[in-house]
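First up is the structure itself, then whatever we jot down about it.
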Amino acid sequence: MRSVTVTGKTIEEAMKDALNQIGTVQENVDIEVLEQPKKGFLGFGGKPARIKVTKKLDIMEQTSTFLQEVISNMGVEASIEGRREDRDLYFTLSGEKIAILIGKRGQTLNSLQYLTNLAANRFSDRFVRVVLDAENYRERREETLKKLADRLADKAMVTKRDIHLEPMPSLERKVIHLYLKDKKGISTHSDGNDPHRRVVIVPRNK
């Protein structure tokens with residue numbers, strides 16, 4: 001139940017009844033006063049307060065609904081599981097055609113993640129970060145990125161030249177920066193503007 005219209009002798013009484021029916025607290029609802037209570041003459045002819053109370057969708061529900069609509073418009077059926085850790089919203093997608101949502105090198109999944117981040121931050125009064133995953137893609141991609149980072153870091157040291165990686169989303173760049181931060185002989189930084197921002201591996205002794 002998301003919305004109820006109730007009456008009561010006072011607005012406070014009507015509100016208490018509405019919250020009991022919806023099963024939430026006042027901070028989680030929007031209140032519309034339809035009629036103010038009116039006292040009658042000598043106890044006759046009075047009118048009760050009439051209000052409409054609507055439960056707010058929380059950030060997880062709103063974001064999940066947005067994501068489900070986008071996926072459905074792509075012609076894919078997928079289930080969505082989500083969890084929240086402070087300002088991080090994690091959603092895992094599963095379904096028969098999930099490879100369509102991942103795309104080549106995760107490009108489709110990253111695009112979905114970007115769009116969902118934009119939507120989630122419209123729903124929220126503070127910054128949140130959305131992370132999408134499907135078929136454990138993020139973990140598998142992280143292992144691939146680490147192997148790539150090792151190989152290109154070695155190449156940078158041998159050739160004594162900067163190595164520019166392909167453009168990546170911020171989460172993937174972060175994986176490489178953290179993985180290589182303690183590797184001797186090289187340093188890393190990011191260059192360019194999103195969505196073309198990329199990691200650069202720099203040999204320290206050119």
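What's counted below: heavy atoms across the whole structure, side chains too, no hydrogens, waters or symmetry copies.
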Verify whether one side chain among Q21 and D17 offers a donor that lies under 3.5 Å from an acceptor in the other.
->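 Judged by distance alone, the side chains do pair up.
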Is any side-chain heavy atom of [X] less than 4.5 Å from a side-chain heavy atom of [Y]?
X    : Y    : value
L148 : L165 : yes
P203 : D162 : yes
V202 : T188 : no
E172 : R105 : no
I31  : Q26  : yes
K16  : N20  : yes
L93  : L67  : yes
K146 : E142 : yes

Please lay out, stage by stage, how F91 and M60 fare under the test side-chain contact (heavy atoms from CB on, under 4.5 Å).
-> CA-CA 9 Å; F91 295 94; M60 289 295 292; 3.7 Å; yes
Name of the residue among H177, K174, R198 meeting side-chain hydrogen bond (donor to acceptor under 3.5 Å, both in side chains) with S190 = H177
Least distance between heavy atoms, [X] atom then [Y] atom:
X    : Y    : answer
V53  : V29  : CG1-CB, 3.6 Å
V6   : A14  : CG2-O, 3.2 Å
A156 : I201 : CB-CG2, 4.0 Å
L152 : I163 : O-CG1, 3.8 Å

Under 6.0 Å from the [atom1] atom of [X], do we count more than 12 heavy atoms belonging to anything else shown?
X    : atom1 : result
N193 : CG    : no
K52  : NZ    : no
E81  : CD    : no
E77  : CD    : no
E85  : CD    : yes
E166 : CD    : yes
F66  : CZ    : yes

Answer yes if [X] and [Y] sit in the same cluster of Ile, Leu, Val, Met, Phe, Trp and Tyr residues linked by side chain heavy atoms under 4.5 Å apart, and no otherwise.
X    : Y    : result
M157 : I176 : yes
V70  : Y137 : yes
V200 : I186 : no
I11  : V4   : yes
I100 : L132 : yes

Indicate yes or no: does D133 engage R141 in a salt bridge with an N to O separation below 4.0 Å.
-> no
Please round to the nearest 0.5 Å and tell me the distance separating atom [atom1] of [X] and atom [atom2] of [Y].
X    : Y    : atom1 : atom2 : answer
I71  : K97  : CD1   : NZ    : 13.5 Å
N28  : K55  : CG    : NZ    : 7.0 Å
D30  : S3   : CG    : OG    : 9.5 Å
L171 : N110 : CG    : CG    : 8.5 Å
R204 : K183 : CZ    : NZ    : 11.0 Å
L101 : S94  : CG    : OG    : 10.0 Å

Any donor and acceptor pair, going by atom type alone, linking the side chain of [X] with main-chain N or O of [Y] inside 3.5 Å?
X    : Y    : result
T108 : K104 : no
E61  : D58  : yes
N117 : V130 : yes
S124 : A120 : no
R173 : M168 : yes
R140 : E135 : yes
E13  : K9   : yes
D194 : P169 : no

Could you walk me through whether D88 and V131 pass the side-chain contact (heavy atoms from CB on, under 4.5 Å) check?
-> CA-CA 7 Å; D88 293 333; V131 178; 5.8 Å; no
side-chain contact (heavy atoms from CB on, under 4.5 Å) between D150 and Y179, worked out = CA-CA 9 Å; D150 271 331; Y179 183 67; 2.7 Å; yes
Should L34 and I51 be marked as a side-chain contact (heavy atoms from CB on, under 4.5 Å) after you check the CA-CA gap, both sets of side-chain angles, and the distance that decides it?
-> CA-CA 5 Å; L34 302 176; I51 64 173; 5.7 Å; no
